[in-house]
Novice: 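Sharing a structure below in structure tokens format, with a few things to ask.
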Amino acid sequence: MKIGCPKEIKPQEFRVGMTPNAAQEAVARGHEVLIETDAGMGSGFDNDAYMAAGARIVDTAAEVFATADMIVKVKEPQAVERKMLREGQLLFTYLHLAPDPDQTHDLLASGCTAIAYETVTDAAGGLPLLAPMSEVAGRLAPQVGSWTLQKANGGRGVLMGGVPGVGPAKVVVIGGGVVGTHAAKIAAGMGADVTVLDRSLPRLRYLDDVFGNTFNNQYSTAGATAELIQTADMVIGAVLIPGAAAPKLVTRAQLSTMKPGAVLVDVAIDQGGCFETSKATTHADPIYEVDGIMHYCVANMPGAVARTSTIALGNATMPFLLSLADKGWKQACQDDPHLLAGLNVHAGQLTYYAVGKALGIDVVSPNVVIKS
Ligand SMILES: NC(=O)c1ccc[n+]([C@@H]2O[C@H](COP(=O)([O-])OP(=O)(O)OC[C@H]3O[C@@H](n4cnc5c(N)ncnc54)[C@H](O)[C@@H]3O)[C@@H](O)[C@H]2O)c1
């Protein structure tokens, strides 16, 4: 198969769909890999690294789209990229179609087959191609939060681990899923006194079994949250209710009960945020203050560490990518129901129910499509 990887063109996107290692694996299995020139530069992979892996560097995205059987990307195709997709071509990337009717209609009109990273599943009921970015954002949260806690940045001037004779920072993590667990691990590793709140008892049992002595956990209620935030130096928002906007768990009125200069890091901002005073910010201007409380609300946190994020995403996508290239999408999806769960669009038909429901478009079952 001819596999093409264009340079990402969405503003502030520095990741790339294929690492040189992924290119090398594909080439070793007899596939041809085309990389747009400088596609990997934002993640620290130069053209030489791809050429050493056996890939061919091409000058333009147009050449990649015109030549490749499968396009591998990170972000959803932008309007100019969608115009270059064609019937029979396979697209493997994040799509997030439900809130994006323009993209959905363009993909349907193109006749391509599109498999969305975010809806591929695993045997444990998780989303294996979303998890790496939650891991990155979770681990980054205490890092950016501790920077915000510094006096010069508007914070309380508290050191995460304290020093001998001075106690550590108190960190509260609301939501103990992928983001929350990784945030708690890193905050505890920095020496902070960490408490994780979650509403799922099975999740709290898991956290207690695995991290019992590393950080505390508590059942999440409005009362428990109200009490804990009064003494917190940092509160990390990491909740998710699948398919819904994040619930507002800290109100503006509650900010006055917190210590001046305390920090809110709202990782759930991509679902609207879980603090009433959260509004999305960018890496260029990441923090702001409301009622004496500092807020960090960057919606694409993994972009700050593009190289780590690219490699982490590549590790997760590579087995699926190789299966698609080796077998063709239809056989690969017949063999793997978790990959089939990623099928969103095929030959002008929508094949993902939640997207159809959100956009009022008829859906054809993916099981029917793979047998046709
Ligand atoms: N800002 C970014 O760059 C970025 C990057 C990755 C993920 N995210 C977002 O972070 C959020 C968390 O993602 P995740 O992968 O950890 O999800 P997850 O499903 O693994 O975990 C969410 C957890 O929240 C818990 N929860 C739900 N309601 C709660 C409540 N009221 N109180 C306490 N806990 C509650 C759930 O029980 C679950 O354990 C999502 O909104 C995700 O989109 C943001």
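Atoms within each ligand, like the ligands themselves, are counted from 1 in listed order.
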Novice: How far is atom 37 (O) of ligand 1 from its nearest protein heavy atom, and which residue and atom is that?
Specialist: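 Its nearest protein heavy-atom neighbour is D198 OD1, 2.6 Å.
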
Novice: Going by the order shown, which atoms of ligand 1 are within less than 4.0 Å of some heavy atom of N300?
Specialist: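 Contacts of ligand 1 toward N300, numbered from 1: 3 (O).
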
Novice: Identify which of C274, S220, A304 has a heavy atom lying nearest to atom 33 (C) of ligand 1.
Specialist: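 Of the listed residues, S220 has the closest heavy atom.
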
Novice: Looking only at protein heavy atoms, which one is nearest to atom 44 (C) of ligand 1, and how far off is it?
Specialist: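 Checking every protein heavy atom, the shortest distance to atom 44 (C) of ligand 1 gives V267 O, 3.0 Å.
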
Novice: Any atoms of ligand 1 less than 4.0 Å from a non-hydrogen atom of G175? List them with their elements.
Specialist: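 Listed by number with element, the hits are 24 (O), 33 (C), 34 (N).
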
Novice: Can a salt bridge be assigned to the pair D233 and R156 using a cut-off of 4.0 Å between side-chain N and carboxylate O?
Specialist: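 Salt bridge: yes.
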
Novice: With respect to atom 31 (N) of ligand 1, which of R199, E135, H182 exhibits the smallest heavy-atom separation?
Specialist: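 The nearest heavy atom belongs to R199.
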
Novice: Short list, please: which atoms of ligand 1 are under 4.0 Å from a heavy atom of P302?
Specialist: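 Per the distance check, 3 (O).
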
Novice: Suppose I only count heavy atoms of A137 and a 4.0 Å limit; which atoms of ligand 1 are within that range?
Specialist: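 In order of numbering, the contacting atoms are 4 (C), 5 (C), 6 (C).
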
Novice: What protein heavy atom lies closest to atom 43 (O) of ligand 1? Include the residue and the distance to one decimal.
Specialist: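 Ranking protein heavy atoms by distance from atom 43 (O) of ligand 1, first comes D270 OD2, 2.7 Å.
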
Novice: Go through Y352 and L97 one step at a time and tell me if the side chain to side chain contact (heavy atoms under 4.5 Å, CB included) criterion holds.
Specialist: CA-CA 10 Å; Y352 199 79; L97 292 180; over 6 Å; no

Novice: Evaluate W329 against L339 for side chain to side chain contact (heavy atoms under 4.5 Å, CB included), listing each step before the verdict.
Specialist: CA-CA 9 Å; W329 75 270; L339 182 56; over 6 Å; no

Novice: Side-chain contact test, heavy atoms from C-beta onward, threshold under 4.5 Å: evaluate it for I71 versus M84 and give yes or no.
Specialist: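 Heavy-atom side-chain distance check fails, nothing below 4.5 Å.
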
Novice: Using heavy atoms and a threshold below 4.0 Å, how should the contact between S134 and ligand 1 be classified: side chain, backbone, both, or neither?
Specialist: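 The answer is both, backbone and side chain.
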
Novice: Taking only heavy atoms of L197, which atoms of ligand 1 are found under 4.0 Å from at least one of them?
Specialist: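 The list of qualifying atoms is 33 (C), 34 (N).
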
Novice: Between D193 and K170 (salt bridge meaning N to carboxylate O under 4.0 Å), is one present in this structure?
Specialist: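 Result for this pair is yes, salt bridge flagged.
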
Novice: Please list, in number order, the atoms of ligand 1 under 4.0 Å from a heavy atom of S200.
Specialist: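 By the 4.0 Å cutoff, the relevant atoms are 37 (O).
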
Novice: If you measure from each non-hydrogen atom of V136 to ligand 1, which part falls under 4.0 Å: side chain, backbone, both or neither?
Specialist: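 It is neither part, as no heavy atom is under 4.0 Å.
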
Novice: Ligand 1 and M301, any nitrogen or oxygen pair closer than 3.5 angstrom?
Specialist: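 Yes, at least one N or O pair falls under 3.5 Å.
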
Novice: For atom 11 (C) of ligand 1, what is the closest protein heavy atom, and at what distance to 0.1 Å?
Specialist: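 Ranking protein heavy atoms by distance from atom 11 (C) of ligand 1, first comes V239 O, 3.5 Å.
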
Novice: Report yes if some N/O of A268 lies less than 3.5 Å from some N/O of ligand 1; otherwise report no.
Specialist: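 N/O-N/O distance under 3.5 Å: no.
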
Novice: Of all heavy-atom pairs between L149 and A169, which one has the smallest distance, and what is that distance?
Specialist: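 Answer, listing the atom of L149 first, then A169: CD1-CB, 4.5 Å.
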
Novice: So which heavy atom in the protein is nearest atom 16 (O) of ligand 1, and how far is it from that ligand atom?
Specialist: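 Sorting protein heavy atoms by distance from atom 16 (O) of ligand 1 puts V179 N, 2.7 Å first.
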
Novice: Does a donor on one side chain sit under 3.5 Å from an acceptor on the other, for N344 and T119?
Specialist: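 N344 vs T119: donor-acceptor pair found between side chains.
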
Novice: Salt bridge between K10 and E76, side-chain N to carboxylate O under 4.0 Å?
Specialist: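 Salt bridge: yes.
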
Novice: Side chain or backbone, does A299 bring an N or O within less than 3.5 Å of an N or O on ligand 1?
Specialist: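 Min N/O separation from ligand 1 is below 3.5 Å for A299.
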
Novice: Sort out for me which residue in E13, E36, E81 forms a salt bridge (Lys or Arg N to Asp or Glu O under 4.0 Å) with K73.
Specialist: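 Only one of E13, E36, E81 forms a salt bridge (Lys or Arg N to Asp or Glu O under 4.0 Å) with K73, namely E81.
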
Novice: Among all protein heavy atoms, pick the one closest to atom 27 (C) of ligand 1 and tell me residue, atom and distance.
Specialist: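 Its nearest protein heavy-atom neighbour is L240 O, 3.6 Å.
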
Novice: What is the nearest protein non-hydrogen atom to atom 21 (O) of ligand 1, stated with its residue, atom name and distance?
Specialist: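 Looking only at protein heavy atoms, the one closest to atom 21 (O) of ligand 1 is G177 CA, 3.2 Å.
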
Novice: Start with the C-alpha gap between L95 and Q103, add the side-chain angles, then the distance that decides, and say whether side chain to side chain contact (heavy atoms under 4.5 Å, CB included) holds.
Specialist: CA-CA 8 Å; L95 292 176; Q103 188 200 169; 3.2 Å; yes

Novice: For atom 41 (O) of ligand 1, what is the closest protein heavy atom, and at what distance to 0.1 Å?
Specialist: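 Of every protein heavy atom, Q271 CG, 3.1 Å lies nearest to atom 41 (O) of ligand 1.
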
Novice: Let's go through V305 and R139 carefully: what are the C-alpha distance in whole Å and the side-chain angles of both, what is the deciding distance for side chain to side chain contact (heavy atoms under 4.5 Å, CB included) to 0.1 Å, and is it a yes or a no?
Specialist: CA-CA 11 Å; V305 287; R139 288 185 177 218; over 6 Å; no

Novice: For V298, counting its heavy atoms only, list the atoms of ligand 1 lying under 4.0 Å from any of them.
Specialist: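 Numbered from 1, ligand 1 contributes 1 (N).
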
Novice: Run the contact test for D266 against ligand 1 with a 4.0 Å cut-off on heavy atoms, strictly below, and give the result.
Specialist: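 The answer is no, since D266 has no heavy atom less than 4.0 Å from ligand 1.
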
Novice: Within the 3.5 Å criterion, strictly below it, is a donor on T37 or N47 matched to an acceptor on the partner's side chain?
Specialist: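 Result is yes, a qualifying pair exists.
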
Novice: Between R252 and D291, is there a side-chain N and carboxylate O pair less than 4.0 Å apart?
Specialist: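 D291 and R252: salt-bridged.
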
Novice: Is the closest basic N to carboxylate O distance between R56 and E32 below 4.0 Å?
Specialist: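 Salt bridge present between R56 and E32.
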
Novice: Pick one of side chain, backbone, both or neither for how A246 approaches ligand 1, counting any non-hydrogen atom pair under 4.0 Å.
Specialist: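 Neither; nothing of A246 gets under 4.0 Å from ligand 1.
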
